[in-house]
Colleague: 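Dropping a structure here in structure tokens format, bear with me for questions.
These numbers come from a predicted model, not from an experiment. The analysis underlying the following values was restricted to heavy atoms, covering all of them including side chains, and did not include hydrogens, waters or symmetry mates.
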Amino acid sequence: MSAEIVIHPDDKVKEGWLVKQSKHVKEWRRRWFVLTPQYLCSFKHQGEHRNPTEWIRLRECSTVKSADEETGKENSLRVDSPTRVFYLIAENAQEKEAWIGQIGRQMVRRTVMVEDHDFE
């Protein structure tokens with residue numbers, strides 16, 4: 001059984017509305033996303049911070065990049081995890097780049113922190 005995810009307000013790096021492709025039916029659904037140093041979480045409603053509908057553990061992710069051509073939709077991005085590729089759509093190009101940048105920074109930051117810790 002997985003542990004409950006509760007986001008503390010101080011842990012929020014970025015938050016906002018994105019449209020995500022659902023896991024099984026592949027429908028596009030608008031969700032409130034919250035990025036922390038450890039997770040990218042989706043919620044049905046803005047302001048929720050407990051029990052996300054889905055979450056991505058950033059330390060397991062290999063890539064975050066633009067996905068406009070793959071999805072056929074403007075302002076889309078993908079986050080690759082070992083078990084799934086998450087497709088997301090931002091409201092505009094500026095938001096898309098901001099999400100890619102912030103997710104990428106958290107992925108790199110986590111790796112650097114782990115590597116630095118190994119050498120101490």
Colleague: Counting only heavy atoms from other residues, nucleotides and ligands, does the tally under 6.0 Å from CD of Glu74 exceed 12?
Modeller: no
Colleague: Rounded to the nearest 0.5 Å, how far apart are CG of Leu18 and NZ of Lys96?
Modeller: 12.0 Å
Colleague: Tell me, yes or no, whether the heavy-atom count around Lys12 atom NZ, taken from other residues, nucleotides or ligands under 6.0 Å, exceeds 12.
Modeller: yes
Colleague: Is the Lys NZ or Arg CZ of Arg31 less than 6.0 Å from the centre of Phe33's six-membered ring, within 45° of the axis?
Modeller: no
Colleague: Decide, yes or no, whether a salt bridge links Glu95 with Lys14 under the criterion of side-chain N to carboxylate O below 4.0 Å.
Modeller: yes
Colleague: If you measure from CD on Glu60 to OH on Tyr39, what distance do you get to the nearest 0.5 Å?
Modeller: 8.5 Å
Colleague: Set out, in order, the CA-CA distance, both residues' side-chain angles and the distance that settles side-chain contact (heavy atoms from CB on, under 4.5 Å) for Lys73 and Trp28, then state yes or no.
Modeller: CA-CA 11 Å; Lys73 299 183 182 296; Trp28 293 96; 3.2 Å; yes
Colleague: Can you see which heavy atom on Pro37 is nearest to which on Leu58, and at what distance?
Modeller: O-CD1, 3.9 Å
Colleague: Rounded to the nearest 0.5 Å, what's the gap from CZ on Phe43 to CD1 on Ile7? Could you check?
Modeller: 3.5 Å
Colleague: Run the side-chain contact (heavy atoms from CB on, under 4.5 Å) check on Trp32 and Glu48 step by step: do they pass?
Modeller: CA-CA 8 Å; Trp32 183 255; Glu48 290 182 338; over 6 Å; no
Colleague: As a quick check of understanding, evaluate side-chain contact (heavy atoms from CB on, under 4.5 Å) for Ser66 and Leu77, giving each step before the final call.
Modeller: CA-CA 4 Å; Ser66 177; Leu77 57 137; 5.9 Å; no
Colleague: In Å and rounded to the nearest 0.5 Å, what is the NZ to OG1 distance from Lys20 to Thr53?
Modeller: 5.5 Å
Colleague: According to a 4.5 Å side-chain heavy-atom criterion applied to Ile, Leu, Val, Met, Phe, Trp and Tyr, with indirect links allowed, do Val64 and Phe86 form part of one hydrophobic cluster?
Modeller: yes
Colleague: Should Arg84 and Glu54 count as an ion pair when the cut-off is N to O under 4.0 Å?
Modeller: yes
Colleague: Atom CZ in Arg78, atom OG1 in Thr63: separation rounded to 0.5 Å?
Modeller: 7.0 Å
Colleague: Which pair of heavy atoms, one from Leu35 and one from Ile103, lies closest together, and at what distance?
Modeller: CD2-N, 3.8 Å
Colleague: Can you list the steps and then say if Tyr87 with Ser76 is a side-chain contact (heavy atoms from CB on, under 4.5 Å)?
Modeller: CA-CA 7 Å; Tyr87 288 103; Ser76 60; over 6 Å; no
Colleague: Hey, what do you get for CD (Gln106) to CD1 (Ile56), rounding to the nearest 0.5 Å?
Modeller: 13.0 Å
Colleague: Is there a side-chain contact between Leu40 and Trp99, using heavy atoms and a 4.5 Å cut-off?
Modeller: yes
